[in-house]
Amino acid sequence: MFNFEYWKDIVADYVGTNVGNDDFVFGNFIDWDSFRTEYGESVLDELGVDFNTENFYEKLDDVGVPSGYEYEEGNPDFPESFRYWQP
């Protein structure tokens, strides 16, 4: 399974800040789709998962690599180290 802690330093490059039109900061987000595109093969290789271009994203789902954007706002599971708003 995908080990977030192992990939944490790389995932940090995919963290951005969600800012509204009025410059209000809602918190940070993680662009998991960009991470998957750039490092998905490395994740699957590290886990010893066989894949091809037809099942690549399915395999990433199977091993637990998140997809889409994960937002800090209202998400108690957002990684603490990437939070804009620290408790």
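Note that this is a predicted model, so its numbers are computed, not measured. Throughout, residue positions are numbered sequentially from 1 according to the sequence presented.
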Check against side-chain contact (heavy atoms from CB on, under 4.5 Å), F51 and D62: CA-CA 11 Å; F51 64 94; D62 290 347; over 6 Å; no
Distance (rounded to the nearest 0.5 Å) between L47 CG and Y6 OH: 9.5 Å
Between D33 and G68, what is the shortest heavy-atom contact and its length? OD1-N, 2.8 Å
To the nearest 0.5 Å, tell me how far Y84 OH sits from E73 CD. 13.5 Å
Pairing of R36 and D31 as salt bridge, 4.0 angstrom limit: no
Shared hydrophobic cluster, F26 / Y71 (ILVMFWY, side-chain heavy atoms < 4.5 Å): no
Between N55 (side chain only) and E58 (backbone N and O only), is there a donor and an acceptor less than 3.5 Å apart? no
State the CD-CH2 distance between E70 and W32, to the nearest 0.5 angstrom. 6.5 Å
Would the distance check show the side chain of R83 and the main-chain N or O of F78 forming a donor-acceptor pair, the cut-off being under 3.5 Å? yes
Please set out all donor-acceptor pairs under 3.5 angstrom arising from side-chain atoms of residues 7-25, sequence neighbours excluded.
residue	atom	partner	partner atom	Å
Y14	OH	E38	OE1	3.4
T17	OG1	N28	OD1	2.8
D22	OD1	F24	N	3.1

Residue pairs passing the salt bridge (charged side-chain N to carboxylate O under 4.0 Å, His left out) test where at least one lies in residues 42-57, sequence neighbours excluded: none
Interatomic distance, CZ@F56 vs CG@D61, rounded to 0.5 Å, equals 10.5 Å
Please examine the side chains of T37 and Y57, heavy atoms only from C-beta on, and report whether any two atoms are closer than 4.5 Å. yes
Between W85 and E72, does any side-chain donor sit less than 3.5 Å from a side-chain acceptor? no
For residues I30 and F35, determine if any side-chain heavy atom of one lies less than 4.5 Å from a side-chain heavy atom of the other. no
Flag the pair F4 / P66 as yes when at least one side-chain heavy-atom distance between them is below 4.5 Å, and no otherwise. no
With a cut-off of 6.0 Å (strictly less than), are more than 12 heavy atoms of other residues, nucleotides or ligands near OH of Y69? no
